[in-house]
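To start, the structure under review is shown below, and the notes come after it.
Both backbone and side-chain heavy atoms feed into the values below; hydrogens, waters and symmetry mates do not. We're numbering straight along the sequence, starting at 1.
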Amino acid sequence: MAPLADFLLQYAPLPTLPYYLTHYVPGATPLSTRPVVLGALVSYLVAIFGVREFMKTRQPRKLQFLFQVHNVILSSGSAILLALMLEEIVPIIWSHGTFYAICDSAAWTERLEFYYIINYYFKYLELLDTTFLAFKKKPLAFLHVFHHSATAFLCYTQLNGRTSVSWVVITLNLGVHVLMYYYYYATAGGAKIWWKKYLTTMQIVQFIIDLFIVYFGTYSYFTHTYWPRLPHRGSCAGTESAALFGCFLLTSYLGLFINFYIQTYKKPAKGKKPITNGNGVANGNGNAYKKE
């Protein structure tokens, strides 16, 4: 039973999509080959730093309306996608248990695969965050740029690797993004929101949970495959390269976000100024900047 998905299929004016747009087919699905993905991400870097150079001799642009529309799309889109994914995965957990939902290849359903593709494309839409920063003449911090580009590549690797644990990382990220992009929409309109600091805390907690699950899944796979005498419950679906890359990248995110939190929110030593970026609010893509 998937009430929301069934409702959208029955009543929403959705176009009929070809198979390669509803299923991940390397080489046919858009942005599904390494040269194309790397080309897109290099183009992103060229574009944002090109805009930064272009704006050096110009006044910053506010772009408030476009910025708010961008955040409404990402907040509401994240909420809908989160609801769709939960109504697909919760029955699997209920019927077969958590380990099955995390590690069994059958937990990679056709609908979840479609949702993973949509989430993947969201990552390219989120690249516009940095474009707004560049036009506003805000700093392009390493954490922001790295997180944006690396997360798009991470989603690409997990689609190729068919890692069944993907839904855990994605649903947690979507939950954070619902609140985060709402926050930016609201503050861009002048609202004062007291919980900005807790967005970064939520992101750190998100990565801790992510790492616990992905390390467990990776451990399960490697012990089952190479060291079966070690205690384990069984294998975990997905390729080795995708699992290891996911572990590495999420670990780096946790370290970077903890460092960001310390530099931004902890009181500096006497006589030193705090190291912040804008108003010290971390976005879900790893930057702090003032929304106008």
Donor-acceptor pair, Y183 side chain versus L199 backbone, under 3.5 Å?
no
Considering non-hydrogen atoms only, spot the tightest contact between C247 and T218 and give its length.
SG-OG1, 3.3 Å
For the backbone of V178 and the side chain of S75, can you confirm whether one donor and one acceptor N or O come within less than 3.5 Å of each other?
yes
Are Y116 and Y24 near enough that their ring centres are under 6.0 Å apart?
no
Test your reading of the model: is there a side-chain donor-acceptor pair from S95 to the backbone of P91, 3.5 Å cut-off?
yes
Can you name the nearest heavy-atom pair linking H232 to Y219, along with the distance?
CB-CE2, 4.4 Å
If two hydrophobic side chains count as joined below 4.5 Å and joins carry through other members, does L143 share a cluster with I262?
yes
H70 and side-chain contact (heavy atoms from CB on, under 4.5 Å): which single residue from L74, L66, I73 fits?
L74
Less than 3.5 Å apart, any donor N or O on the side chain of S149 or Y44 sitting next to an acceptor on the other?
no
Is there a side-chain contact between L21 and P30 (heavy atoms, below 4.5 Å)?
yes
Are F146 and V42 connected, step by step, through hydrophobic side chains (Ile, Leu, Val, Met, Phe, Trp, Tyr) whose heavy atoms are closer than 4.5 Å?
no
Is there a path from L128 to L63 through hydrophobic residues (I, L, V, M, F, W, Y) whose side chains come within less than 4.5 Å of each other?
yes
Between A83 and L4 the two heavy atoms that sit nearest each other are CB-CD2, 3.7 Å
Least distance between heavy atoms, G189 atom then Q64 atom:
CA-NE2, 3.9 Å
So F132 and F135, ring pair (Phe, Tyr, Trp, His ring centres under 6.0 Å) or not? Walk me through it.
CA-CA 5 Å; F132 283 109; F135 276 112; 8.1 Å; no
Interatomic distance, L82 atom CG to L172 atom CG [nearest 0.5 angstrom]:
9.0 Å
Hey, could you give me the CG/CG distance between L179 and L174, rounded to the nearest 0.5 Å?
11.5 Å
Any non-hydrogen side-chain atom of I92 less than 4.5 Å from a side-chain atom of T109?
yes
Within 6.0 Å of CZ in F49, more than 12 heavy atoms from elsewhere
yes
Taking the six-membered ring for Trp and the full ring for Phe, Tyr or His, determine whether the centres of Y253 and H147 are under 6.0 Å apart.
yes
Is there a side chain to side chain contact (heavy atoms under 4.5 Å, CB included) between Y215 and T251 once you walk through the steps?
CA-CA 10 Å; Y215 271 81; T251 301; 2.9 Å; yes
Single-linkage hydrophobic cluster I48~V46, side-chain heavy atoms < 4.5 angstrom
no
Can you check whether F67 and Y184 have ring centres sitting under 6.0 Å from each other?
no
Donor-acceptor contact below 3.5 Å, side chain T225 vs main chain F222:
no
Rounded to the nearest 0.5 Å, how far does NE2 of H148 lie from NE2 of H144?
4.0 Å
If we only count heavy atoms from C-beta on, is the Y120 to T29 side-chain gap below 4.5 Å?
no
Do E240 and Y226 have side chains that get closer than 4.5 Å, going by heavy atoms?
yes
Can you tell me if CZ on F153 sees more than 12 non-hydrogen neighbours from other groups inside 6.0 Å?
yes
Are R162 and S105 side-chain neighbours, meaning at least one heavy-atom pair lies under 4.5 Å?
no
side-chain contact (heavy atoms from CB on, under 4.5 Å) test vs L211 passes for just one of I208, V214, I213, namely V214
Between D129 and K136, is there a salt bridge with N-O shorter than 4.0 Å?
no
Taking the side chain as every heavy atom from C-beta outward, state whether S32 and Y20 have any pair of such atoms under 4.5 Å apart.
no
Could you check whether Y115 and W167 have their ring centres less than 6.0 Å apart?
no
Atom CZ of F122 with >12 non-hydrogen neighbours under 6.0 angstrom:
yes
Let me see the working for V145 and L45 under side chain to side chain contact (heavy atoms under 4.5 Å, CB included), right down to the final yes or no.
CA-CA 8 Å; V145 176; L45 297 174; 3.4 Å; yes
Check: Y124 ring centroid to Y121 ring centroid under 6.0 Å
no
S164 (side chain) donor-acceptor with I102 (main chain) under 3.5 angstrom
yes
Heavy-atom pair of closest approach, residues D104 and A237:
C-CB, 4.2 Å
From CZ (F114) to OG1 (T22), nearest 0.5 Å
6.5 Å
Count the heavy atoms of every other residue, nucleotide or ligand shown that sit under 6.0 Å from CD of E53, and state whether that count exceeds 12.
yes
Given M55 and R61, is the side chain to side chain contact (heavy atoms under 4.5 Å, CB included) satisfied, shown in steps?
CA-CA 9 Å; M55 292 300 298; R61 309 290 178 85; 3.9 Å; yes
Would you say F216 ends up clustered with L250 if hydrophobic residues are merged whenever their side chains have heavy atoms under 4.5 Å apart, either directly or through other cluster members?
no
With a 3.5 Å distance limit and no angle check, can you tell me whether T157 reaches the backbone of A242 through a side-chain donor-acceptor pair?
no
Can you classify the ring geometry of Y181 versus H177 as parallel (below 30°), tilted (30 to 60°) or perpendicular (above 60°)?
perpendicular
Student check: side-chain heavy atoms of T130 and L140 closer than 4.5 Å:
yes
Describe, in one word, how the ring planes of Y198 and W194 are oriented to each other, choosing from parallel (under 30°), tilted (30 to 60°) and perpendicular (over 60°).
perpendicular
N/O donor-acceptor pair under 3.5 Å between S252 side chain and L249 backbone
yes
Once you round to the nearest 0.5 Å, how far does CD of E88 lie from CD of E110?
10.0 Å
Donor-acceptor contact below 3.5 Å, side chain T264 vs main chain Y261
no
Quick one: does any side-chain atom of H224 pair with a main-chain N or O of C236 as donor and acceptor, under 3.5 Å?
no
From CD1 (I118) to CG (L125), nearest 0.5 Å
12.5 Å
Under 4.5 Å between any side-chain heavy atoms of L31 and Y156, yes or no?
no
Within a radius of less than 6.0 Å around CH2 of W195, do more than 12 heavy atoms belonging to other residues, nucleotides or ligands occur?
yes
Indicate yes or no for a side-chain donor-acceptor contact from Q203 to the backbone of V176 under 3.5 Å, with no hydrogens or angles considered.
no
Sequence neighbours excluded - salt bridge (charged side-chain N to carboxylate O under 4.0 Å, His left out) pairs with any residue from residues 208-223:
none
What is the minimum heavy-atom distance between L159 and E113, and which atoms define it?
CD2-O, 4.5 Å
